[in-house]
Amino acid sequence: MSDDDPTQTLLRLRSSIDNVDAALIFLLAERFKCTKQVGELKAEHGMPASDPAREERQLARLRTLAHDADLDPEFAEKWFNFVVAEVIRHHTEAADGR
C-alpha cells in the first residue's frame with residue numbers, strides 16, 4: 001500500500017465504506033419490514049410488544065458473533081439495544097392502532 005497514491009487509496013477505501021453503508025441501510029430496511037410484521041401479529045393477538053427473554057438470547061448471540069467477527073461486543077450491544085428500542089416503539093404503536 002505504501003506505493004499507492006494516498007489520495008487514490010483514500011478514495012478507494014471511502015468507496016468501499018460507501019458500499020458497505022448502502023448495504024447496511026438495505027439490510028436494516030429488510031429487518032424492519034420483518035419486525036413490522038411481527039408487531040402486527042403481536043397486536044392482532046394481544047401479545048406484549050417486547051420479549052425480554054428473546055432479547056437476552058439475541059444479545060448473547062450477537063455479542064458472540066461480534067467477538068468472532070473482531071467487532072467490539074459492547075458496540076454490538078449498543079447497536080442492538082438501539083434497534084430493539086425502535087422495534088418496541090413500532091410494536092407499541094401497532095398495538096395502539098396507529
Side-chain angles (χ1 to χ4, degrees):
M1 189 182 293
S2 62
D3 293 338
D4 291 342
D5 172 17
T7 301
Q8 290 303 313
T9 301
L10 181 61
L11 291 172
R12 180 180 49 76
L13 291 169
R14 285 182 173 167
S15 178
S16 292
I17 290 167
D18 292 350
N19 289 339
V20 171
D21 286 347
L24 288 170
I25 293 299
F26 280 94
L27 287 170
L28 281 170
E30 187 63 28
R31 188 187 197 288
F32 276 96
K33 286 176 190 172
C34 293
T35 60
K36 180 179 180 189
Q37 292 176 33
V38 168
E40 291 167 353
L41 181 69
K42 285 181 172 184
E44 183 180 333
H45 295 282
M47 301 164 81
S50 74
D51 184 345
R54 171 159 166 76
E55 292 161 24
E56 285 300 316
R57 289 190 308 273
Q58 280 294 90
L59 183 55
R61 185 178 77 83
L62 291 176
R63 286 182 66 88
T64 298
L65 287 171
H67 180 269
D68 292 347
D70 200 26
L71 179 69
D72 180 4
E74 293 295 319
F75 173 78
E77 182 171 345
K78 288 176 187 175
W79 170 83
F80 179 72
N81 288 334
F82 177 78
V83 169
V84 168
E86 186 69 7
V87 168
I88 291 171
R89 185 178 71 78
H90 292 171
H91 290 185
T92 301
E93 288 177 357
D96 292 344
R98 291 187 222 159

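The structure places CG of L27 at 11.0 Å from CZ of R31, a figure rounded to the nearest 0.5 Å. Between the CD atom of E40 and the OG1 atom of T35 there is a distance of 10.0 Å, given to the nearest 0.5 Å. Distance CG/L59 to OG1/T64: 9.5 Å, rounded to 0.5 Å. Atoms CG and CD1, on L24 and I17 in that order, are 11.5 Å from each other to the nearest 0.5 Å. The distance from atom CD of E86 to atom CG of L28, rounded to the nearest 0.5 Å, is 11.0 Å. Here the CG-CG distance, from D5 to L11, works out to 8.5 Å after rounding to the nearest 0.5 Å.
Salt-bridge formation is not detected for the pair K78/E74: no Lys NZ or Arg NE/NH1/NH2 atom is positioned less than 4.0 Å from an Asp or Glu carboxylate oxygen.
Among residues at least two apart or in separate chains, ring pair (Phe, Tyr, Trp, His ring centres under 6.0 Å) pairs with a member in residues 21-80 are F32-H90. For residues 42-56, no pair satisfies salt bridge (Lys or Arg N to Asp or Glu O under 4.0 Å), with sequence neighbours left out.
L71 and V84 fall into different hydrophobic clusters, where Ile, Leu, Val, Met, Phe, Trp and Tyr side chains are chained together by heavy-atom contacts under 4.5 Å. L62 and V83 fall within the same hydrophobic cluster, where Ile, Leu, Val, Met, Phe, Trp and Tyr residues are linked whenever their side-chain heavy atoms come under 4.5 Å apart, directly or through other members.
Remark: side-chain polar atoms of H91 are not paired, donor with acceptor, to backbone N or O of M47 under 3.5 angstrom.
The heavy-atom pair separating A66 from A76 by the smallest distance is CB-CB, 3.6 Å. I88 and S50 get closest at one heavy-atom pair: CD1-CB, 3.5 Å.
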